[in-house]
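Numbered from 1 within each chain, the chains take letters A, B, ... in sequence-line order.
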Protein chains: 2
Amino acid sequence: MPRHFLRKLELFTRLSAADRQALEGVVGEKLRRVGPREDIVREGDSASHVSLILDGWACRYKQLEDGRRQIVAFFLPGDLCDTFIDVLREMDQSIGTLTPVTFAEISRDTLGAVAARHPRIMQALWWDTLVSASIQREWTVNLGQRSATERLGHLLCEVFIRLQGVGLTEGDHCVLPTTQADLADAMGLSTVHINRTLQELRGSGLIVLKGRNLTIPDLAALQAASLFTPNYLHLDHVGRHLDAVEPLAV
Amino acid sequence: MPRHFLRKLELFTRLSAADRQALEGVVGEKLRRVGPREDIVREGDSASHVSLILDGWACRYKQLEDGRRQIVAFFLPGDLCDTFIDVLREMDQSIGTLTPVTFAEISRDTLGAVAARHPRIMQALWWDTLVSASIQREWTVNLGQRSATERLGHLLCEVFIRLQGVGLTEGDHCVLPTTQADLADAMGLSTVHINRTLQELRGSGLIVLKGRNLTIPDLAALQAASLFTPNYLHLDHVGRHLDAVEPLAV
DNA sequence: CGATCTCTTGATTCTCCTCAAATGCGGTGG
DNA sequence: CCACCGCATTTGAGGAGAATCAAGAGATCG
């Protein structure tokens, strides 16, 4: 069931059959399905469980008093929200869906127990958490320094590569299910300007975007135009060396 | 020696005498002192150790190919950089000093060993890491949605409250040792505009800034003007309940 | 097939940037 | 002690990028 999640963790480490089974079990416990534009977690909620996105897109966002909304992270299939959140008393931001979403609600105790029994999983969850933090920092750079075109191009590169990591791309295209208003809230730009920036990217042939279908004919070119370097995604299979150190316990 | 650090951890939990002693030991191992505008960690370095700031200000930043620099985090006395970084192979951003800095270089093994023997410390390091992530998300909101005045005001609120947490404020004032250029790189604004924004904040009486000395006569007013809410700093002494659950093992 | 959401376009405004130069300030050496 | 230097701050003028406002065209969905 959590195939995207397993696939993502295996970008970093090798999981044994037992590891995989344990994760399947955790996910089976409590499945939820919600429509688009609904909240999964609300600011102020107590931090009792984590959510694993199985299908659809969600985001973490913060709404200011006057209505302005900033999306600070996208959650794609396979993403785990707030892995180690239980130390904090309450959520400081909300998590909401962008599309219809299927997700597993995992209690922190369950996840903790599994992680304790499966060191590989623990390690992989760590990696995932640190990569998320790294992405967050890169978003800060993106909003602070890059022009609208670079910024949006950078996001599209990131999303494409992350989707690729969980097997949700086909050749040079993937689905981009967000509205332009969502993109605007993520990039700190107005909807109108997102629209014009997309046109600019289209005009220069860097992307083809029809409906919800995004094609990136030349990823390297888009990366160059957006000052994108993928190192912050840490997809270099760092943990694969674990095979040597600690043989699979099947 | 690491008094600011201890003080910060105790915002969250109570440390036993043994805990404190263990941390003192770790910090004594390798002290380093560097001047302003030097790098402590460079992008691409292997992630072998963590740095604990004892005195002075540093920052995490990323430099784009064309020279633009974004500061993504400030490190104040008592801040620990890259606590659990060892899972990732290499650093994706650099850490540099803003002022002269004294810091302790702690090998990941040493820190890991101490944390393993002292569950309270482990817990506190977790809390610290999650709070850092929370701050990072708030910076994303700051850059994405807030106007120059709000943005800068928000930063000053955050810095003041963080300094307060480690005992580095006196009444309504504290030291702000950064140059306006540093602030500009942190806020994604130009130096010129930072200057004018500071004047605006001064003009409205929200701050008094003379040289390196910052006074915030009415913190609540500055918070209101900047749409600042301190919840994301999680200073609500979350872990104090640990006293009840797990008595001090002295 | 009308209602609603999303996307697109045009016109205008404003925030913030860039370029350029002046002023102030802390240190250093004559 | 003062002259000078380098750096940080301040000020001015003009311009670019993005926001806002408003309205029309296309989708999508009950």
Side-chain angles (χ1 to χ4, degrees), chain A residues 35-38 57 64 66-71 96-100 142-155 175-204 207-214 225-226, chain B residues 35-38 57 64 66-71 97-100 142-155 175-203 207-214 225-226:
Chain A
R37 277 151 234 287
E38 289 187 34
W57 284 36
L64 299 185
D66 59 7
R68 283 176 276 176
R69 177 178 78 144
Q70 176 67 38
I71 291 177
T97 59
L98 298 170
T99 69
N142 211 17
L143 292 179
Q145 297 299 327
R146 284 186 256 261
S147 70
T149 324
E150 296 166 343
R151 203 182 293 183
L152 192 47
H154 192 279
L155 177 74
V175 171
L176 185 74
T178 59
T179 66
Q180 294 185 3
D182 294 329
L183 292 176
D185 285 348
M187 306 312 269
L189 297 168
S190 69
T191 317
V192 172
H193 203 61
I194 285 288
N195 183 283
R196 294 185 169 131
T197 306
L198 281 172
Q199 289 178 46
E200 200 183 320
L201 287 172
R202 279 193 272 240
S204 53
I207 65 168
V208 180
L209 181 59
K210 281 194 198 109
R212 316 263 95 139
N213 203 311
L214 170 68
S226 315
Chain B
R37 276 151 235 287
E38 288 187 36
W57 284 35
L64 300 187
D66 59 7
R68 282 177 278 176
R69 178 178 78 144
Q70 176 67 37
I71 291 177
T97 60
L98 298 169
T99 70
N142 211 15
L143 292 178
Q145 296 300 326
R146 285 186 255 260
S147 70
T149 324
E150 294 166 344
R151 203 183 295 183
L152 192 48
H154 192 279
L155 177 73
V175 172
L176 185 74
T178 59
T179 65
Q180 294 184 3
D182 293 329
L183 293 176
D185 286 347
M187 306 312 269
L189 298 168
S190 69
T191 318
V192 172
H193 203 62
I194 285 287
N195 183 281
R196 294 188 168 128
T197 306
L198 280 173
Q199 288 178 46
E200 199 183 321
L201 288 172
R202 277 193 274 240
I207 66 168
V208 181
L209 181 59
K210 282 193 198 109
R212 318 264 90 141
N213 203 312
L214 170 69
S226 315

What are the bounds, 5' to 3', of the part of DNA chain C that sits under 4.0 Å from heavy atoms of chain B?
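Listed 5' to 3', the contact boundaries are C:dC16 to C:dC19.
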Angle between the end axes of the helix from C:dT8-D:dA23 to C:dG30-D:dC1, five pairs per end, to the nearest 10 degrees?
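For the helix from C:dT8-D:dA23 to C:dG30-D:dC1, the axes at either end differ by 40°.
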Quick check for you: to the nearest 0.5 Å, what is the distance between [X] atom [atom1] and [Y] atom [atom2]?
X      : Y      : atom1 : atom2 : result
A:L183 : A:T197 : CG    : OG1   : 10.0 Å
A:R68  : B:Q145 : CZ    : CD    : 6.5 Å
A:R196 : A:T149 : CZ    : OG1   : 13.0 Å
B:N142 : A:L143 : CG    : CG    : 10.5 Å

Which residues in residues 142-153 of chain B have at least one heavy atom lying under 4.0 Å from any atom of DNA chain C?
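Those residues are B:S147, B:A148.
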Hey, does [Y] have a side-chain heavy atom less than 4.5 Å from the side chain of [X]?
X      : Y      : value
B:W57  : B:T178 : yes
B:L152 : B:R146 : no
A:L198 : A:I207 : yes
B:V208 : B:L214 : no

Considering all heavy atoms, the nearest A:G144-B:Q70 contact
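For A:G144 versus B:Q70, the nearest heavy atoms are CA-OE1, 3.3 Å.
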Side chain of A:R202, backbone of A:L209: donor and acceptor closer than 3.5 Å?
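Judged by distance alone, yes, a pair lies under 3.5 Å.
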A:R212 (side chain) donor-acceptor with A:V175 (main chain) under 3.5 angstrom:
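Absent.
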Option from B:I194, B:T99, B:L98 for which side chain to side chain contact (heavy atoms under 4.5 Å, CB included) with B:D182 holds:
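With B:D182 as partner, B:I194, B:T99, B:L98 yield a single side chain to side chain contact (heavy atoms under 4.5 Å, CB included), made by B:L98.
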Show me the side-chain donor-acceptor pairs of residues 184-193 of chain B shorter than 3.5 Å, one per line, residues at least two apart or across chains.
| from | atom 1 | to | atom 2 | distance (Å) |
| --- | --- | --- | --- | --- |
| B:D185 | OD2 | B:R69 | NE | 2.8 |
| B:D185 | OD2 | B:R69 | NH2 | 3.0 |
| B:S190 | OG | B:H193 | N | 3.1 |

Nucleic acid contacts - residues 187-199 of chain B versus DNA chain D, non-hydrogen atoms under 4.0 Å
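Residues of residues 187-199 of chain B that come under 4.0 Å of DNA chain D are, in numerical order, B:V192, B:N195, B:R196, B:Q199.
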Going 5' to 3' along DNA chain D, between which two nucleotides do contacts with chain A fall, using a heavy-atom cut-off of 4.0 Å?
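Going 5' to 3' along DNA chain D, contacts run D:dA18 to D:dC21.
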